[in-house]
J.: 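Following this message is one structure expressed as structure tokens.
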Number of protein chains: 2
Amino acid sequence: MATREEILSAAQRHLISEPTASLGDLASAAGIGRATLHRHFASRDELLVEIAERSLDRWQERLDHVDVEAVAASGDGERIRACLIELMHAYVLDAEEFGVALTDHVATHTRALRERCDALLDREVLLHAAGQETGVLRRDVPARWIGHAVYGLLVAARDALEAGDVARRDLPDLVLTTLVDGVSA
Amino acid sequence: MATREEILSAAQRHLISEPTASLGDLASAAGIGRATLHRHFASRDELLVEIAERSLDRWQERLDHVDVEAVAASGDGERIRACLIELMHAYVLDAEEFGVALTDHVATHTRALRERCDALLDREVLLHAAGQETGVLRRDVPARWIGHAVYGLLVAARDALEAGDVARRDLPDLVLTTLVDGVSA
DNA sequence: CTCGTGTGAGACATTTGTGTCTCAAACGAG
DNA sequence: CTCGTTTGAGACACAAATGTCTCACACGAG
């Protein structure tokens, strides 16, 4: 017997490797029957929206936890750097469980979700911009591009992990250093 | 009247912003009727597979054009660096037209396409490894991770361009420098 | 002009997955 | 043990998209 949370967790993990899985497949992945899945979620869309919202909730929690606005407003370069590092590590850890939302069509194309995502990205870009002003991050690239680069490397992290190309324990530092230092020698 | 190539081009561009577009939508995007689309492609799957194959063809052409194996085997750091830069620029330009294949389910989950993609990635990772050996690229990250990072930044580039967050003419250098130098100051 | 060919709209059949519901069985509480 | 609740399998309805086909019309070649 699976709780609603357990169903959501199982579904979102299954969707990472099988993005077009049927509701029957998702029910099986959660160890329940399809009728039971429907008792919890009225439709496929409701399930996918809720998965996307959980991912946005997690992102929001990450930003809240570090109090991103206060850090950005502090003007303290070291504090901003530490915050960026903490966030990046946290995102990489999250990508394993929540990574489906990075590329799922419902998550990326539903108006309300898109708007919520943009709002969270704006908060984060505040931090990137503060990093640029305090000399932590380079100024010659748009702050918003940094947000995209973070996103792209998270997609890469999710896929590298899924493909077994990278060890789970290496991934946070690997992604962080790739973002921060790049790949040149 | 659209040629087969024109239909493919229109479809793959439309799919970037509307990944779940119906065949009717894709036909409209190409300026033809759905019956005509079916005269060219027996099924949706055939259309999507062909789009994916075109993208892989382009990637292959890029690798062939620079003769990636010869460059990797040359042991010449400068030559390798120039080749990496040339490829990266080319990939970013390609992302606008061929970017759908980066995340399309048919492209990423069809066995034969997956295998072809892995083979091309292997060729490219040869170059990354050669870059590491010659001191162009850092050695403390897996060569294969560099391939993933390239992929992730291309997804980011496609989306940033689609979102209008970055100017088209700035994108190649922006992506390259993010990959090479990272975002730290 | 005629004629052959290609086209798109539309009708219809099929498919797949989703949504809805029933019911026998399982399960846990008392 | 009984009884109320939950469950999953399975049947069925529905919907959207795909696949198939027809036919009137458009178009270009001769």
Side-chain angles (χ1 to χ4, degrees), chain A residues 1-55 99-114, chain B residues 1-55 100-101 103-114:
Chain A
M1 207 286 285
T3 65
R4 203 166 192 273
E5 287 299 305
E6 284 165 341
I7 297 171
L8 284 163
S9 279
Q12 70 195 30
R13 284 175 180 273
H14 190 72
L15 285 164
I16 289 182
S17 54
E18 301 292 343
T20 61
S22 67
L23 289 183
D25 292 336
L26 295 179
S28 294
I32 58 174
R34 187 160 69 83
T36 305
L37 184 64
H38 276 287
R39 289 190 185 104
H40 287 280
F41 306 96
S43 66
R44 181 185 183 88
D45 196 61
E46 182 178 317
L47 173 66
L48 293 181
V49 165
E50 188 141 354
I51 287 173
E53 283 179 341
R54 274 175 120 230
S55 301
V100 66
L102 291 168
T103 45
D104 177 63
H105 180 67
V106 169
T108 58
H109 286 71
T110 305
R111 167 65 65 75
L113 293 171
R114 184 70 254 167
Chain B
M1 207 288 284
T3 65
R4 203 167 192 271
E5 287 300 303
E6 282 165 345
I7 296 170
L8 283 163
S9 279
Q12 71 196 27
R13 283 174 181 275
H14 191 72
L15 284 164
I16 288 183
S17 54
E18 301 291 343
T20 59
S22 66
L23 288 182
D25 294 335
L26 295 180
S28 294
I32 59 174
R34 188 160 69 81
T36 304
L37 183 64
H38 275 288
R39 290 190 185 104
H40 288 279
F41 305 96
S43 66
R44 180 184 184 92
D45 195 64
E46 183 179 314
L47 172 66
L48 294 181
V49 165
E50 188 141 354
I51 286 174
E53 282 179 341
R54 273 175 122 230
S55 302
V100 65
T103 45
D104 177 64
H105 180 64
V106 169
T108 58
H109 285 71
T110 306
R111 166 65 64 75
L113 292 171
R114 183 72 255 168

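Protein chains get the first letters and strands the later ones, always in sequence-line order, with residue 1 at the start of each. Small disclaimer: the values here were computed from a predicted structure and weren't measured.
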J.: For the pair made of CZ in A/Arg39 and P in D/dT5, what is the distance, rounded to whole Å?
T.: 14 Å

J.: Find the distance B/Leu48:CG to D/dA17:P and express it as a whole number of Å.
T.: 15 Å

J.: Please give, in whole Å, the distance from D/dG19 C1' to B/Glu46 CD?
T.: 13 Å

J.: Closest to the A/Ala35 side chain: D/dT18, D/dC21, D/dG10?
T.: D/dG10

J.: Can you tell me the distance, in whole Å, between the CZ atom of B/Arg34 and the C1' atom of D/dA16?
T.: 11 Å

J.: Could you tell me if the side chain of A/Leu23 sits less than 4.5 Å from the side chain of A/Phe41, heavy atoms only?
T.: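 No, too far: nothing below the 4.5 Å cut-off.
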
J.: When the distance from CG of B/Asp45 to C1' of D/dG19 is rounded to whole Å, what number comes out?
T.: 13 Å

J.: Between B/Asp25 and B/Ser22, do the side chains contain a donor N or O and an acceptor N or O under 3.5 Å apart?
T.: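 The answer is yes; a qualifying pair exists.
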
J.: In this structure, how many angstroms lie between the P atom of C/dA11 and the NE2 atom of B/His38, rounded?
T.: 17 Å

J.: Figure out the CZ/P separation between A/Arg4 and D/dT6, and round it to whole Å.
T.: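 Answer to the nearest Å: 15 Å.
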
J.: If I take atom CG in residue A/Leu26 and atom C1' in nucleotide C/dT16, what distance separates them, rounded to the nearest angstrom?
T.: 15 Å

J.: Do the side chains of B/Leu15 and B/Asp104 get nearer than 4.5 Å, heavy atoms only?
T.: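 Side-chain contact under 4.5 Å: no.
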
J.: Any heavy-atom pair between the side chains of B/Glu5 and B/Leu8 that's under 4.5 Å?
T.: yes

